[in-house]
Protein chains: 2
Amino acid sequence: MEKENTLFGVKEIARRANVSTATVDRVLHNRTGVSEKTKKRINDIIKELDYQPNILASRLASKKIITLAILIPEVSEETDFWEAPLNGVRKAEAEIKQYGIQTLIFFFDLNNKDSYVQKAREILELDVHGILIAPSFVTETQEFAKECNQRKIPFVFIDSDIPELKSLSYIGPHLYKSGYVGAKLLTYRLQPDKKVLIINISKEIDNFNYEAIEEGFRAYFSDNQNPNEIVRIDIHETDYQSVARHLTYVFHLNKDIGAAFVTNSRVNTVASFLKNSHRTEVSLIGYDFVKDNVKYLENNVIDFLICHRPEDQAYRGIMALYQTLVMNSSVSKLSYMPIDIVTKENYEFYQN
Amino acid sequence: MEKENTLFGVKEIARRANVSTATVDRVLHNRTGVSEKTKKRINDIIKELDYQPNILASRLASKKIITLAILIPEVSEETDFWEAPLNGVRKAEAEIKQYGIQTLIFFFDLNNKDSYVQKAREILELDVHGILIAPSFVTETQEFAKECNQRKIPFVFIDSDIPELKSLSYIGPHLYKSGYVGAKLLTYRLQPDKKVLIINISKEIDNFNYEAIEEGFRAYFSDNQNPNEIVRIDIHETDYQSVARHLTYVFHLNKDIGAAFVTNSRVNTVASFLKNSHRTEVSLIGYDFVKDNVKYLENNVIDFLICHRPEDQAYRGIMALYQTLVMNSSVSKLSYMPIDIVTKENYEFYQN
DNA sequence: CTGAAAGCGCTTACAG
DNA sequence: CTGAAAGCGCTTACAG
């Protein structure tokens with residue numbers, strides 16, 4: 001089969017408008033140097049023909065290469081969580097590099113605000129066309145976003161959102177609902193006289209994600225008139241010894257804890273504690289498909305992991321930038337990821 | 001930023017081999033009419049330079065359009081399940097039609113083997129380049145596959161697999177493991193003295209998927225020395241009245257059924273029965289994210305739905321054909337989908 | 001403000 | 001068995 005006599009292209013538009021294809025191209029890309037009159041004439045024809053540019057030809061002919069910057073935490077000793085988004089970026093890049101798109105990845109240290117600021121500054125010096133950001137620090141991101149907006153550089157947030165910063169898109173979990181799901185799973189088989197423990201382990205005091213999760217978690221309890229009492233604890237040190245010390249104390253005060261919910265990926269530390277203190281009958285739920293967590297899933301110490309497809313988030317984030325920069329098509333402002341439930345039985349097929 | 005002085009292309013290969021680019025092109029695509037000697041010389045250079053063809057240029061220049069046929073069940077009154085794969089096909093097509101790829105979709109009637117055979121024949125008359133199949137009927141698919149192999153037309157199976165037919169790839173659930181997950185969820189909070197009911201509702205006698213699911217389901221019980229007794233029932237009529245009649249009888253015989261597992265998407269019929277007969281305390285699990293099922297998820301009649309991302313299956317199936325036909329890259333023979341767990345709390349974010 | 005011409009990296013029909 | 005030339009649908013640098 002042969003290609004049909006192709007749809008109307010720039011040539012046909014040029015012919016009808018009585019101009020050269022160069023001028024059509026100028027209009028197509030909103031470049032300056034075309035009289036209003038000609039511009040209107042050409043735009044009318046474009047609309048009339050419902051012209052669809054051939055992206056292959058466009059990217060092949062173009063000499064410009066489009067650069068996307070990625071600002072995400074580095075994969076650390078502490079967690080390999082950020083490996084997944086990294087893979088998502090790489091997957092997307094492999095698919096679109098033919099189109100003359102390049103990615104530059106900047107890693108910051110999650111325990112170091114300055115490194116975030118520093119890398120953000122480096123990106124701005126580079127004059128890139130679009131940015132993918134995991135906005136871990138609110139105030140710092142506000143400034144960064146402001147600068148990007150001034151320069152008209154589109155940016156996409158993944159993993160967590162900071163609304164009202166005029167990001168092109170947020171692609172990540174609905175944290176409130178995610179906590180809600182956690183509560184459902186945690187109480188699904190829980191005796192009414194047992195207590196539920198919420199554990200937040202985080203060095204950062206201003207962890208804004210945690211709150212939405214806990215709110216959703218508690219909402220499930222009130223929506224369902226759940227009788228279980230909720231106890232909560234904040235632990236601001238992440239090492240095992242500190243966590244174990246705090247938990248020992250909580251379990252000492254509350255003899256009848258039947259289930260624990262950890263608001264982030266540090267659930268493996270809690271799992272380790274439960275195992276060491278022979279409390280594996282406590283149901284345990286936490287976040288993220290990282291190696292250390294899966295180990296305890298296998299062990300039956302963690303019952304469920306809640307995951308939000310981090311690889312996909314990054315992949316789709318890059319694609320959203322590609323859509324706007326290359327395809328000139330619009331992307332949705334808000335894209336909530338599925339709230340995946342991972343267990344011992346299904347984790348082997350889970351693809352982040 | 002400008003494109004770097006691009007990597008080596010056909011021109012450079014031609015120059016080094018002292019031939020024209022036409023000859024290089026012939027070798028690149030394994031066309032006849034090149035002497036062994038020249039061919040070898042060119043191939044050596046290709047290897048040496050690690051030549052990567054520019055797909056954009058290739059597809060832009062080529063006049064051939066690649067046609068993919070899709071053979072899937074029609075969306076029926078009975079189920080809108082097949083809407084999802086259809087969307088997956090459309091999504092894939094939108095992404096690659098620029099490359100000169102066309103899809104032709106053929107729908108058959110799941111309750112009519114002949115329609116499957118008929119559509120398969122139509123496809124073969126059309127001389128397409130690749131095929132995506134939901135292989136609902138074993139014997140008929142065997143013949144079809146044989147013919148495709150003879151003609152060297154690659155085909156991909158989705159939704160269910162028939163091994164040993166030399167498909168390019170299978171993209172779909174691991175049914176055994178999927179049943180295993182179902183058993184876990186069903187027994188998670190079940191009292192040991194309760195019975196578990198497996199329900200298979202299907203007109204077709206030779207439903208080969210069902211067996212793998214039940215096997216996995218039972219395997220969970222033996223692996224975990226689960227004490228619950230298993231009862232099973234096959235229902236070969238799909239209308240509500242027939243199903244209700246059979247179920248009434250089973251529940252009459254077994255007073256202590258605490259949970260029911262439906263091996264396919266007809267779980268909504270069972271949900272309807274449980275609701276009507278005021279047995280909603282029975283835990284209920286079944287398959288597929290279809291409207292009728294979600295309704296009962298909302299109602300708390302269905303506890304969990306197990307889903308295998310049918311949209312993604314089709315999307316990836318088309319992409320696999322694209323990879324082989326256009327990109328000339330290899331795809332994995334077996335691609336198991338995640339076994340997703342959908343509940344009342346997380347379904348709103350589920351994306352098939 | 002506008003156009004003619006060359007070119008992006010391939011493929012193809014034709015001629016020999 | 002092989003090559004010269006045209007062309008795919010755009011973009012660009014240059015000239016006016």
Side-chain angles (χ1 to χ4, degrees), chain A residues 1-43 46 49 51-66 97-101 325-328, chain B residues 1-43 46 49 51-66 97-101 325-328:
Chain A
M1 230 176 287
E2 300 246 321
K3 280 182 187 166
E4 63 228 73
N5 333 351
T6 190
L7 298 163
F8 306 111
V10 283
K11 261 190 206 159
E12 176 63 13
I13 297 171
R15 198 187 60 73
R16 296 201 186 195
N18 236 298
V19 295
S20 74
T21 59
T23 298
V24 174
D25 193 67
R26 287 183 187 102
V27 173
L28 243 18
H29 297 285
N30 283 312
R31 288 198 211 92
T32 53
V34 184
S35 73
E36 277 307 316
K37 213 176 125 193
T38 317
K39 196 169 170 176
K40 167 140 183 31
R41 189 151 33 99
I42 293 175
N43 270 326
I46 288 173
L49 298 184
Y51 169 69
Q52 307 288 5
N54 183 319
I55 306 292
L56 300 207
S58 167
R59 294 312 303 164
L60 180 62
S62 175
K63 294 213 157 354
K64 288 211 195 71
I65 131 153
I66 292 176
K97 74 172 166 223
Q98 296 258 21
Y99 289 85
I101 290 168
L325 293 169
V326 177
M327 311 282 286
N328 227 312
Chain B
M1 228 176 288
E2 302 248 320
K3 281 183 187 166
E4 62 228 75
N5 333 352
T6 190
L7 298 164
F8 306 110
V10 282
K11 261 188 205 160
E12 176 62 15
I13 297 171
R15 198 188 61 75
R16 295 200 188 196
N18 237 299
V19 295
S20 73
T21 59
T23 299
V24 174
D25 193 66
R26 287 182 186 103
V27 173
L28 243 18
H29 297 285
N30 283 311
R31 290 199 210 90
T32 53
V34 184
S35 75
E36 277 307 315
K37 214 176 128 194
T38 317
K39 194 169 172 178
K40 169 142 182 29
R41 190 150 34 99
I42 293 175
N43 270 325
I46 288 172
L49 298 184
Y51 168 70
Q52 308 288 1
N54 183 319
I55 306 293
L56 300 208
S58 168
R59 294 312 303 164
L60 180 61
S62 176
K63 297 216 156 350
K64 287 211 195 73
I65 131 154
I66 292 175
K97 76 172 165 221
Q98 296 259 20
Y99 289 85
I101 290 167
L325 293 168
V326 177
M327 311 282 286
N328 227 313

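Order of the sequence lines sets the chain letters (A, B, ...), proteins ahead of strands, with each chain counted from 1.
- Rounded to a whole Å, the CG atom of A/Leu60 is 8 Å from the C1' atom of D/dC10.
- Atom P of nucleotide D/dC8 and atom CD of A/Glu12 are separated by 13 Å, given to the nearest angstrom.
- With values rounded to the nearest 0.5 angstrom, B/Ser58 atom OG is found 5.0 Å from B/His29 atom NE2.
- If A/His29 and A/Lys11 are placed on DNA chain D by their nearest nucleotide, the residue sitting closer to the 5' end is A/Lys11.
- Of all nucleotides listed (C/dC10, D/dG9, C/dA13), C/dA13 comes nearest to the side chain of B/Ala22.
- In terms of phosphate contacts, B/Ser58 brings no side-chain nitrogen or oxygen within less than 4.0 Å of OP1 or OP2 of C/dC10.
- Annotation: side chain of B/Leu60 is not in contact with side chain of A/Arg59 (no heavy-atom distance under 4.5 Å).
- Between A/Lys11 and A/Thr21, the shortest heavy-atom contact is CA-CG2, 4.0 Å.
- Contact check of residues 30-39 of chain B against DNA chain D (heavy atom, cut-off under 4.0 Å) returns B/Gly33, B/Val34, B/Ser35, B/Thr38.
- Distances shorter than 4.0 Å separate some side-chain N or O of A/Ser62 from OP1 or OP2 on D/dT12.
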* **For DNA chain D, the dot-bracket pattern of Watson-Crick and G-U pairs whose distances stay under 3.5 Å, | for other-strand partners** => |||.||||||||.|||
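- Classification of A/Glu12 and A/Arg16 as a salt-bridged pair holds, one side-chain N sitting under 4.0 Å from a carboxylate O.
- Nearest-nucleotide mapping onto DNA chain D: of B/Ala57 and B/Arg41, the residue sitting toward the 5' end is B/Arg41.
- Here the closest non-hydrogen pair linking A/Thr38 and A/Ser35 is OG1-OG, 2.5 Å.
- No N or O donor and acceptor, one from the side chain of A/Arg59 and one from the base of D/dG9, sit under 3.5 Å apart.
- Note: CD1 (A/Ile42) to C1' (C/dC1) measures 11 Å, nearest angstrom.
- B/Arg41 has its side chain within reach of B/Asn18: a pair of non-hydrogen atoms, C-beta onward, lies under 4.5 Å apart.
- Remark: of the listed residues B/Ile42, B/Val34, B/Val27, B/Ile42 is the sole one forming a side-chain contact (heavy atoms from CB on, under 4.5 Å) with B/Val19.
- Considering only the side chain of A/Thr23, C/dT2 comes nearest among C/dA5, D/dT2, C/dT2.
- Put simply, CZ on A/Arg26 is 11 Å from P on C/dA4, counting in whole angstrom units.
- Distance CD1 (A/Ile65) to P (C/dC8): 17 Å, rounded to an integer number of Å.
- Nearest nucleotide to the B/Asn54 side chain, out of D/dA4, D/dC10, C/dC10: C/dC10.
- Close to D/dG9, at under 4.0 Å from its OP1 or OP2, lies no side-chain N or O of A/Tyr51.
- Rounded to whole angstrom, the span from the CD atom of B/Gln52 across to the C1' atom of C/dC10 amounts to 15 Å.
- What separates CG of A/Leu56 from C1' of D/dC8 is a distance of 10 Å, to the nearest Å.
- For the residue pair B/Ser20 and B/Ala14, the shortest heavy atom distance occurs at C-CB, 3.8 Å.
- Rounded to whole angstrom, the span from the OH atom of A/Tyr99 across to the P atom of C/dC10 amounts to 15 Å.
- With contacts defined as side-chain heavy-atom distances shorter than 4.5 Å, the pair B/Ile13/B/Phe8 does not qualify.
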